[in-house]
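Working notes, beginning with the structure itself.
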Amino acid sequence: MLILNKTAGVFFKPSKRKVYEFLRSFNFHPGTLFLHKIVLGIETSCDDTAAAVVDETGNVLGEAIHSQTEVHLKTGGIVPAVAQQLHRDNIQRIVQEALSASRISPSDLSAIATTIKPGLALSLGVGLSFSLQLVGQLKKPFIPIHHMEAHALTIRLTNKVEFPFLVLLISGGHCLLALVQGVSDFLLLGKSLDIAPGDMLDKVARRLSLIKHPECSTMSGGKAIEHLAKQGNRFHFDIKPPLHHAKNCDFSFTGLQQVTNKRIMKKEKEEGIEEGQVLSSAADIAATVQHTMACHIVKRTHRAILFCKQRDLLPQNNAVLVASGGVASNFYVRRALEILTNATQCTLLCPPPRLCTDNGIMIA
Ligand code: KG4
Ligand code: ZN
């Protein structure tokens with residue numbers, strides 16, 4: 001049906017305002033053309049090919065997703081060209097599945113929304129090219145979506161959350177704290193100075209060869225760490241949370257990864273095993289890393305809450321903290337954030353785990 005050979009470079013990107021104006025005028029006479037606005041969302045920014053059909057009231061009419069996790073686990077990380085090929089192999093099927101599940105004919109769509117940034121250029125390009133073809137064929141408006149804004153706003157699908165609220169986005173590619181003042185009005189309060197927490201967990205999981213662990217072989221690095229940590233002792237060794245004295249809301253995870261690597265090497269020597277085999281103390285290491293990461297995330301978030309309250313950027317009582325992104329599906333991190341929000345008279349809201357990781361619903 002669709003030829004996926006156009007590059008993102010030839011893509012004409014209308015301004016968001018123009019798209020919204022067009023959409024509004026498009027639905028000016030409800031009942032004549034559409035009863036509801038129905039949007040197809042397409043996500044290919046990293047290693048998930050995802051699509052969903054959502055109506056204007058937030059009802060998910062159809063959804064489909066293809067995860068590349070298993071393939072990337074085998075190659076020890078995401079190889080962009082491999083991710084690109086897998087997106088190409090799957091995008092048409094995934095979009096078709098989402099549309100079929102929704103029972104919406106493509107001609108009844110009001111618009112097509114697609115992630116345009118940030119992400120892996122090769123992966124983003126597949127979603128963009130596909131959408132460009134579809135938009136052209138169906139003569140539908142296009143809505144360019146910022147991946148992180150989509151993560152930040154997903155909570156409004158499941159909860160009635162008013163602006164402003166604080167958002168903590170923690171995933172494999174991103175780590176930021178921002179004040180959300182409107183649909184596309186974000187005040188960035190802090191970000192990672194190096195890698196994202198999910199990236200750190202993925203690297204630690206790889207170094208621990210958790211793919212060879214019978215219970216974790218199909219899990220992402222972060223999920224494998226969470227799973228093993230339940231069986232481990234988090235005080236197995238002591239690591240100071242990073243940026244202890246920094247008077248801002250920034251994050252850092254490279255140091256934690258390096259200290260953990262050193263600890264793994266030491267343990268390998270002690271246990272007399274080679275790199276590539278699973279340590280008997282892998283669960284303790286997982287628990288310690290997860291605990292230190294959670295402490296760091298909570299401390300930086302605490303600073304952001306105090307900053308916003310001092311400047312009346314957030315209400316003094318019942319301010320909302322939204323935690324989203326793949327790492328926010330971690331229940332240990334969630335529990336730690338809950339302790340923080342209880343202590344600061346805030347409310348913690350997290351989308352359900354399947355909406356925390358990449359998906360088409362948040363784009364639609
Ligand atoms: O949001 P996401 O699906 O993709 C982006 O990075 O945008 O997040 C994927 C990341 C991976 O690094 C993965 O290891 C991590 O989220 N992750 C987790 C958990 N599930 C996925 N990290 C900690 N605990 C989990 N349960
Ligand atoms: Zn994401």
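Quick caveat, the model's predicted, so the values are computed rather than measured. Note: hydrogens, waters and symmetry copies are ignored here, and every other heavy atom, side chains too, is used. Both counts, for ligands and for their atoms, begin at 1 and track the order of listing.
Ligand 1 does not have Met219 within reach: every non-hydrogen atom of the residue lies 4.0 Å or more from it. Proximity of His147 to ligand 1 is established by a heavy-atom distance of less than 4.0 Å. Ligand 1 is never approached by Cys46 to a heavy-atom distance shorter than 4.0 Å.
Around the Zn ion (ligand 2), protein N, O or S atoms at less than 2.8 Å number 3.
Nearest residue to atom 25 (C) of ligand 1 from Pro197, Ala205, Gly222 is Gly222 (criterion: closest heavy atom). Evaluated by nearest non-hydrogen atom to atom 10 (C) of ligand 1, the leading choice among Cys175, Ala294, Gly172 is Gly172.
For the pair Arg335 and Tyr332, the cation does not sit on the ring face, since its NZ or CZ is not both under 6.0 Å from the ring centre and inside 45° of the axis.
With a 4.0 Å heavy-atom cut-off, ligand 1 is reached by the side chain of Leu201 but not by its N, CA, C or O. The backbone and the side chain of Asp358 each have at least one atom closer than 4.0 Å to an atom of ligand 1 (non-hydrogen atoms only). Contacts between His174 and ligand 1 below 4.0 angstrom, taking non-hydrogen atoms only, are absent altogether.
Note: Phe251 and Phe253 have parallel aromatic rings, judged against thresholds of 30 and 60 degrees for the angle between ring planes.
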Working note: Val82 + Leu86, criterion side chain to side chain contact (heavy atoms under 4.5 Å, CB included); need CA distance, chi angles, decisive distance, verdict.
CA-CA 6 Å; Val82 174; Leu86 289 169; 4.0 Å; yes
